[in-house]
Amino acid sequence: MSRALLLLLAGVCSFAQSLPSTLAPTGTLRAAFLGDNPALGRVDAKTGAVTGPVADIVKEIARRAGVPYELIAASGGRDVMNRVKAGTADLGFLAYNAGRAMEVDFSAPWLMMPNTYLVPANSPIQKVADADRAGVHIQAVKGDTQDVFLSANLKNTKVDAVADMAAPDELEAQLTGGKIDAFGLNRQRAVEIAATHPRLRVVSDNFFLAGQAIAVSKGKAARLDAVNKMLDEILAADFVKASIERAGLKGVESAKPRQSK
(Lines give C-alpha, C1' and ligand atoms only; values in the text may rest on other atoms or scores of the structure.)
Protein backbone atom coordinates (compact mmCIF):
# COMPACT_ATOMS: atom_id res chain seq x y z
CA MET A 1 0.00 0.00 0.00
CA SER A 2 1.43 3.38 -1.02
CA ARG A 3 2.39 5.99 1.54
CA ALA A 4 -0.09 8.46 -0.01
CA LEU A 5 -2.96 6.00 0.40
CA LEU A 6 -1.95 5.28 3.97
CA LEU A 7 -1.96 8.99 4.77
CA LEU A 8 -5.39 9.38 3.15
CA LEU A 9 -6.83 6.48 5.15
CA ALA A 10 -5.29 7.87 8.33
CA GLY A 11 -6.91 11.21 7.64
CA VAL A 12 -10.31 9.60 7.05
CA CYS A 13 -10.01 7.61 10.31
CA SER A 14 -8.93 10.70 12.22
CA PHE A 15 -11.90 12.68 10.84
CA ALA A 16 -14.34 9.92 11.78
CA GLN A 17 -12.91 9.56 15.28
CA SER A 18 -13.13 13.30 15.94
CA LEU A 19 -16.73 13.67 14.73
CA PRO A 20 -18.47 13.01 18.07
CA SER A 21 -16.52 15.66 19.99
CA THR A 22 -16.52 18.09 17.05
CA LEU A 23 -20.25 17.99 16.40
CA ALA A 24 -21.60 17.08 19.83
CA PRO A 25 -19.29 18.26 22.63
CA THR A 26 -21.87 17.30 25.29
CA GLY A 27 -22.28 13.82 23.83
CA THR A 28 -25.66 14.63 22.27
CA LEU A 29 -26.11 16.49 18.98
CA ARG A 30 -28.46 19.36 19.80
CA ALA A 31 -30.16 21.00 16.81
CA ALA A 32 -32.45 24.03 16.94
CA PHE A 33 -34.88 24.83 14.13
CA LEU A 34 -37.86 27.09 13.43
CA GLY A 35 -40.64 25.18 15.10
CA ASP A 36 -43.40 27.03 13.25
CA ASN A 37 -41.95 26.60 9.75
CA PRO A 38 -43.61 23.61 8.03
CA ALA A 39 -40.93 23.53 5.33
CA LEU A 40 -38.36 22.59 7.98
CA GLY A 41 -40.33 20.39 10.35
CA ARG A 42 -43.64 19.72 12.00
CA VAL A 43 -44.06 19.26 15.73
CA ASP A 44 -46.85 16.97 16.89
CA ALA A 45 -48.85 18.96 19.43
CA LYS A 46 -49.62 15.87 21.51
CA THR A 47 -46.38 13.90 21.44
CA GLY A 48 -43.80 16.55 20.61
CA ALA A 49 -42.44 14.30 17.86
CA VAL A 50 -40.76 16.16 15.01
CA THR A 51 -41.02 15.08 11.39
CA GLY A 52 -39.79 16.60 8.16
CA PRO A 53 -36.47 17.48 6.50
CA VAL A 54 -34.72 18.85 9.59
CA ALA A 55 -35.59 15.78 11.64
CA ASP A 56 -34.32 13.51 8.87
CA ILE A 57 -31.05 15.41 8.37
CA VAL A 58 -30.24 15.67 12.08
CA LYS A 59 -30.93 11.96 12.53
CA GLU A 60 -28.59 11.18 9.62
CA ILE A 61 -25.79 13.48 10.84
CA ALA A 62 -26.07 11.98 14.33
CA ARG A 63 -25.97 8.46 12.87
CA ARG A 64 -22.80 9.25 10.96
CA ALA A 65 -21.23 10.80 14.04
CA GLY A 66 -22.32 7.92 16.26
CA VAL A 67 -24.12 10.10 18.82
CA PRO A 68 -27.72 10.56 20.04
CA TYR A 69 -29.54 13.74 19.06
CA GLU A 70 -32.05 16.25 20.36
CA LEU A 71 -34.34 18.44 18.25
CA ILE A 72 -35.18 21.85 19.68
CA ALA A 73 -38.22 23.66 18.27
CA ALA A 74 -37.26 27.33 18.60
CA SER A 75 -39.71 30.22 18.54
CA GLY A 76 -38.04 32.15 15.72
CA GLY A 77 -34.82 33.00 13.94
CA ARG A 78 -33.48 35.05 16.83
CA ASP A 79 -34.14 32.19 19.23
CA VAL A 80 -32.22 29.77 16.97
CA MET A 81 -29.31 32.21 16.74
CA ASN A 82 -29.20 32.84 20.48
CA ARG A 83 -29.12 29.12 21.23
CA VAL A 84 -26.25 28.56 18.80
CA LYS A 85 -24.31 31.54 20.17
CA ALA A 86 -24.87 30.46 23.78
CA GLY A 87 -23.79 26.90 23.06
CA THR A 88 -27.13 25.39 24.08
CA ALA A 89 -27.53 24.16 20.47
CA ASP A 90 -24.70 22.76 18.36
CA LEU A 91 -26.50 23.32 15.06
CA GLY A 92 -29.12 25.87 14.05
CA PHE A 93 -31.35 25.50 11.01
CA LEU A 94 -32.38 28.80 9.41
CA ALA A 95 -31.96 30.88 6.27
CA TYR A 96 -28.68 32.61 5.58
CA ASN A 97 -28.52 36.38 5.43
CA ALA A 98 -25.60 38.78 5.77
CA GLY A 99 -26.81 40.20 9.08
CA ARG A 100 -27.08 36.79 10.69
CA ALA A 101 -23.66 35.83 9.28
CA MET A 102 -22.11 38.54 11.44
CA GLU A 103 -23.17 36.57 14.52
CA VAL A 104 -22.91 32.91 13.45
CA ASP A 105 -21.21 30.95 10.66
CA PHE A 106 -23.28 29.21 7.99
CA SER A 107 -22.89 26.01 6.02
CA ALA A 108 -23.67 25.78 2.33
CA PRO A 109 -27.44 25.69 1.69
CA TRP A 110 -29.25 22.37 1.88
CA LEU A 111 -32.78 23.55 1.02
CA MET A 112 -34.01 26.24 -1.37
CA MET A 113 -37.11 28.03 -0.13
CA PRO A 114 -39.13 30.36 -2.39
CA ASN A 115 -40.70 33.42 -0.76
CA THR A 116 -43.81 35.18 -1.96
CA TYR A 117 -46.91 37.10 -0.84
CA LEU A 118 -50.20 36.00 0.67
CA VAL A 119 -52.98 38.35 -0.48
CA PRO A 120 -56.79 38.52 -0.47
CA ALA A 121 -58.34 36.29 -3.13
CA ASN A 122 -59.76 39.32 -4.93
CA SER A 123 -56.54 41.36 -4.72
CA PRO A 124 -55.25 43.08 -7.88
CA ILE A 125 -51.78 41.82 -6.90
CA GLN A 126 -51.17 38.91 -9.27
CA LYS A 127 -47.34 38.96 -9.35
CA VAL A 128 -44.78 40.16 -6.84
CA ALA A 129 -44.01 43.23 -8.99
CA ASP A 130 -47.62 44.38 -8.54
CA ALA A 131 -47.03 44.83 -4.81
CA ASP A 132 -44.12 47.24 -5.27
CA ARG A 133 -46.32 50.27 -5.73
CA ALA A 134 -46.95 53.39 -3.70
CA GLY A 135 -49.67 52.90 -1.12
CA VAL A 136 -49.44 49.10 -0.98
CA HIS A 137 -49.16 47.98 2.65
CA ILE A 138 -46.81 45.00 2.94
CA GLN A 139 -46.02 43.21 6.18
CA ALA A 140 -43.33 40.67 7.09
CA VAL A 141 -41.81 39.40 10.33
CA LYS A 142 -39.05 41.69 11.54
CA GLY A 143 -35.55 40.33 10.92
CA ASP A 144 -36.73 37.31 8.97
CA THR A 145 -35.51 36.60 5.46
CA GLN A 146 -38.56 38.18 3.85
CA ASP A 147 -38.19 41.44 5.79
CA VAL A 148 -34.45 41.66 5.07
CA PHE A 149 -34.86 41.08 1.34
CA LEU A 150 -37.90 43.30 0.82
CA SER A 151 -36.48 46.15 2.90
CA ALA A 152 -33.42 46.18 0.64
CA ASN A 153 -35.21 45.73 -2.68
CA LEU A 154 -38.63 47.41 -2.70
CA LYS A 155 -38.50 50.65 -4.70
CA ASN A 156 -41.94 52.24 -4.38
CA THR A 157 -43.20 51.12 -0.99
CA LYS A 158 -41.71 49.70 2.20
CA VAL A 159 -42.16 46.83 4.59
CA ASP A 160 -44.12 47.19 7.80
CA ALA A 161 -42.07 44.80 9.96
CA VAL A 162 -44.01 43.13 12.78
CA ALA A 163 -42.74 41.14 15.74
CA ASP A 164 -44.60 37.95 14.81
CA MET A 165 -46.91 36.67 12.10
CA ALA A 166 -50.52 36.63 13.22
CA ALA A 167 -52.36 33.32 13.51
CA PRO A 168 -53.90 32.30 10.15
CA ASP A 169 -57.45 33.36 11.07
CA GLU A 170 -56.26 36.77 12.26
CA LEU A 171 -54.01 37.16 9.22
CA GLU A 172 -56.99 36.45 6.98
CA ALA A 173 -59.01 39.08 8.84
CA GLN A 174 -56.22 41.64 8.45
CA LEU A 175 -55.83 40.98 4.73
CA THR A 176 -59.50 40.77 3.79
CA GLY A 177 -60.37 43.68 6.08
CA GLY A 178 -57.97 46.03 4.30
CA LYS A 179 -55.57 46.47 7.21
CA ILE A 180 -52.73 45.14 5.06
CA ASP A 181 -52.51 44.32 1.34
CA ALA A 182 -49.88 41.59 1.29
CA PHE A 183 -47.88 39.48 3.73
CA GLY A 184 -44.41 38.21 2.82
CA LEU A 185 -43.62 34.63 3.86
CA ASN A 186 -42.21 31.39 2.49
CA ARG A 187 -44.27 29.71 -0.20
CA GLN A 188 -44.85 26.46 1.69
CA ARG A 189 -46.40 28.29 4.62
CA ALA A 190 -48.43 30.52 2.29
CA VAL A 191 -49.79 27.53 0.37
CA GLU A 192 -50.85 25.78 3.58
CA ILE A 193 -52.63 28.86 4.92
CA ALA A 194 -54.43 29.52 1.63
CA ALA A 195 -55.56 25.88 1.47
CA THR A 196 -57.64 26.34 4.64
CA HIS A 197 -58.57 29.99 4.10
CA PRO A 198 -60.25 30.30 0.68
CA ARG A 199 -60.56 34.08 0.98
CA LEU A 200 -56.76 34.23 0.61
CA ARG A 201 -54.53 33.53 -2.37
CA VAL A 202 -50.82 32.94 -2.97
CA VAL A 203 -49.18 35.20 -5.56
CA SER A 204 -48.06 33.24 -8.62
CA ASP A 205 -44.32 34.01 -8.55
CA ASN A 206 -41.63 34.55 -5.92
CA PHE A 207 -39.65 37.59 -4.85
CA PHE A 208 -36.69 35.65 -3.45
CA LEU A 209 -35.25 32.14 -3.29
CA ALA A 210 -33.67 31.72 0.15
CA GLY A 211 -31.06 29.12 0.96
CA GLN A 212 -31.76 27.31 4.20
CA ALA A 213 -28.46 26.45 5.86
CA ILE A 214 -26.99 25.16 9.12
CA ALA A 215 -25.53 27.69 11.55
CA VAL A 216 -22.72 27.03 14.01
CA SER A 217 -21.18 29.37 16.54
CA LYS A 218 -18.34 31.63 15.40
CA GLY A 219 -14.89 30.09 15.49
CA LYS A 220 -16.06 26.47 15.20
CA ALA A 221 -14.26 25.85 11.89
CA ALA A 222 -13.91 22.09 12.40
CA ARG A 223 -17.64 21.76 13.14
CA LEU A 224 -18.56 23.81 10.08
CA ASP A 225 -16.22 21.76 7.88
CA ALA A 226 -17.69 18.50 9.16
CA VAL A 227 -21.23 19.74 8.54
CA ASN A 228 -20.40 20.84 4.99
CA LYS A 229 -18.76 17.52 4.15
CA MET A 230 -21.77 15.59 5.42
CA LEU A 231 -24.20 17.87 3.60
CA ASP A 232 -22.37 17.32 0.31
CA GLU A 233 -22.73 13.56 0.72
CA ILE A 234 -26.35 13.77 1.88
CA LEU A 235 -27.36 16.05 -1.01
CA ALA A 236 -25.49 13.97 -3.60
CA ALA A 237 -27.49 10.93 -2.48
CA ASP A 238 -30.82 12.80 -3.01
CA PHE A 239 -31.50 12.35 0.71
CA VAL A 240 -33.10 15.80 1.07
CA LYS A 241 -35.17 15.36 -2.08
CA ALA A 242 -36.58 12.12 -0.69
CA SER A 243 -37.29 13.76 2.67
CA ILE A 244 -39.19 16.59 0.97
CA GLU A 245 -41.30 14.06 -0.93
CA ARG A 246 -42.06 12.06 2.24
CA ALA A 247 -43.17 15.22 4.00
CA GLY A 248 -45.45 16.17 1.10
CA LEU A 249 -43.88 19.61 0.73
CA LYS A 250 -44.65 21.54 -2.45
CA GLY A 251 -43.01 24.91 -1.88
CA VAL A 252 -39.34 23.90 -1.44
CA GLU A 253 -36.62 22.01 -3.28
CA SER A 254 -33.32 20.37 -2.43
CA ALA A 255 -30.13 22.36 -2.86
CA LYS A 256 -27.22 20.87 -4.83
CA PRO A 257 -23.96 19.71 -3.26
CA ARG A 258 -21.13 22.22 -3.57
CA GLN A 259 -19.07 20.27 -6.10
CA SER A 260 -21.96 20.05 -8.55
CA LYS A 261 -22.65 23.78 -8.65
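Keep in mind it's a predicted model, so treat the numbers as computed, not measured.
Proximity of Leu171 to Ile180: side-chain heavy atoms (C-beta onward) are separated by under 4.5 Å at one or more points. Here the side chains of Asp90 and Thr28 are not in contact, with every heavy-atom distance at 4.5 Å or above. With contacts defined as side-chain heavy-atom distances shorter than 4.5 Å, the pair Phe93/Val80 does not qualify. Counting only heavy atoms from C-beta outward, the side chains of Arg246 and Asp56 approach each other to under 4.5 Å. Glu60 is not listed as a side-chain neighbour of Val240, based on a closest heavy-atom distance of 4.5 Å or more. Side-chain contact between Leu19 and Val67 is absent, with no heavy atoms from C-beta onward closer than 4.5 Å. Residues Trp110 and Val54 have side chains in contact (heavy-atom distance under 4.5 Å, counting atoms from C-beta outward). Counting heavy atoms from C-beta outward, Leu231 and Pro257 have side chains that stay 4.5 Å or more apart.
Applying the salt bridge (charged side-chain N to carboxylate O under 4.0 Å, His left out) test to pairs two or more places apart or on separate chains, those with a residue in residues 164-176 are Glu172-Arg199. Pairs of residues two or more places apart, or lying in two chains, never qualify as ring pair (Phe, Tyr, Trp, His ring centres under 6.0 Å) while including a residue from residues 46-68.
Around the NZ atom of Lys250, the shell of radius 6.0 Å holds no more than 12 heavy atoms that belong to other residues, nucleotides or ligands.
Lys85 meets the side chain to side chain donor-acceptor pair (under 3.5 Å) test with Glu103; sequence neighbours excluded. Every residue meeting the side chain to side chain contact (heavy atoms under 4.5 Å, CB included) condition with Ala215, not counting sequence neighbours, appears here in chain and number order: Leu94, Val104, Phe106. Qualifying side chain to side chain donor-acceptor pair (under 3.5 Å) partners for Thr47, counting only residues two or more places apart in sequence or in other chains: Asp44. Scored by the side chain to side chain contact (heavy atoms under 4.5 Å, CB included) test, Gln126 finds Asp130, Arg201 as partners (sequence neighbours excluded).
Using a 4.5 Å cut-off between side-chain heavy atoms of Ile, Leu, Val, Met, Phe, Trp and Tyr, with links allowed through other members, Phe239 and Leu23 fall into the same hydrophobic cluster. Tracing side-chain contacts under 4.5 Å through hydrophobic residues (I, L, V, M, F, W, Y), one reaches Phe208 starting from Ile125; they form part of the same cluster. Ile234 and Leu29 fall within the same hydrophobic cluster, defined by Ile, Leu, Val, Met, Phe, Trp and Tyr side-chain heavy atoms under 4.5 Å apart, directly or through other members. By the criterion of side-chain heavy atoms lying less than 4.5 angstrom apart, applied directly or through intervening Ile, Leu, Val, Met, Phe, Trp or Tyr residues, Val128 is not grouped with Val148; the two fall into different hydrophobic clusters. In the hydrophobic cluster analysis, where Ile, Leu, Val, Met, Phe, Trp and Tyr join through side-chain heavy atoms closer than 4.5 angstrom, Leu175 is grouped apart from Val203.
For the residue pair Val252 and Met113, the shortest heavy atom distance occurs at CG1-CG, 4.1 Å. In this structure, Arg42 and Leu249 approach most closely via the heavy-atom pair NH2-CD2, 3.8 Å. Across every non-hydrogen atom of Phe207 and Thr116, the tightest pair is CE2-O, 3.2 Å. Shown here for Pro68 and Gly27, the closest heavy-atom pair between the two residues is CD-O, 3.3 Å. When every heavy atom of Pro168 is checked against every heavy atom of His197, the shortest pair comes out as CB-CE1, 3.4 Å. Heavy atoms only, all atoms of each residue included: Gln139 and Val159 are closest at C-CG1, 4.3 Å.
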> For Val43 and Val50, what are the C-alpha separation, side-chain angles and deciding distance, and is it a side-chain contact (heavy atoms from CB on, under 4.5 Å)?
Replying inline: CA-CA 5 Å; Val43 183; Val50 182; 4.1 Å; yes
>> For Leu150 and Tyr117: C-alpha separation, side-chain torsions, deciding distance, then whether side-chain contact (heavy atoms from CB on, under 4.5 Å) applies.
In response: CA-CA 11 Å; Leu150 292 171; Tyr117 294 118; 3.2 Å; yes
> Step by step, would you call Tyr69 with Lys59 a side-chain contact (heavy atoms from CB on, under 4.5 Å)?
Replying inline: CA-CA 7 Å; Tyr69 66 93; Lys59 181 179 180 180; 3.8 Å; yes
> Can you list the steps and then say if Thr22 with Asp225 is a side-chain contact (heavy atoms from CB on, under 4.5 Å)?
Replying inline: CA-CA 10 Å; Thr22 298; Asp225 184 55; over 6 Å; no
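Asn156 contributes a side-chain N or O that, together with a main-chain N or O of Asp132, makes up a donor-acceptor pair within less than 3.5 Å. In this structure a side-chain-to-backbone donor-acceptor pair under 3.5 Å is missing from Asp36 to Gly76. Proximity of a side-chain donor or acceptor of Thr145 to a complementary backbone N or O of Ala95 within less than 3.5 Å is not detected.
Salt-bridge annotation for Arg223 and Asp105: absent, with no side-chain N of the basic residue lying under 4.0 Å from a carboxylate O of the acidic one. Using a 4.0 Å cut-off between charged side-chain N and carboxylate O, Asp232 and Arg258 make a salt bridge.
Checking Ile193, Asn115, Val202, Val141 one by one against Leu185, the side chain to side chain contact (heavy atoms under 4.5 Å, CB included) holds for a single residue, Ile193.
Distance check, rounded to the nearest 0.5 Å: CG of Leu118 to CG of Leu200 gives 5.0 Å. The structure places CD of Gln212 at 6.5 Å from CG of Leu34, a figure rounded to the nearest 0.5 Å. Note that CE of Met165 is 10.0 Å distant from CG of Asp144, once rounded to the nearest 0.5 Å. Note that CZ of Arg83 and CZ of Arg78 are 13.0 Å apart. Values are rounded to the nearest 0.5 Å. For the atom pair Leu154 CG and Ile138 CD1, the distance stands at 5.0 Å (nearest 0.5 Å). How far CG of Leu235 is from CG of Leu111: 9.5 Å, rounded to the nearest 0.5 Å.
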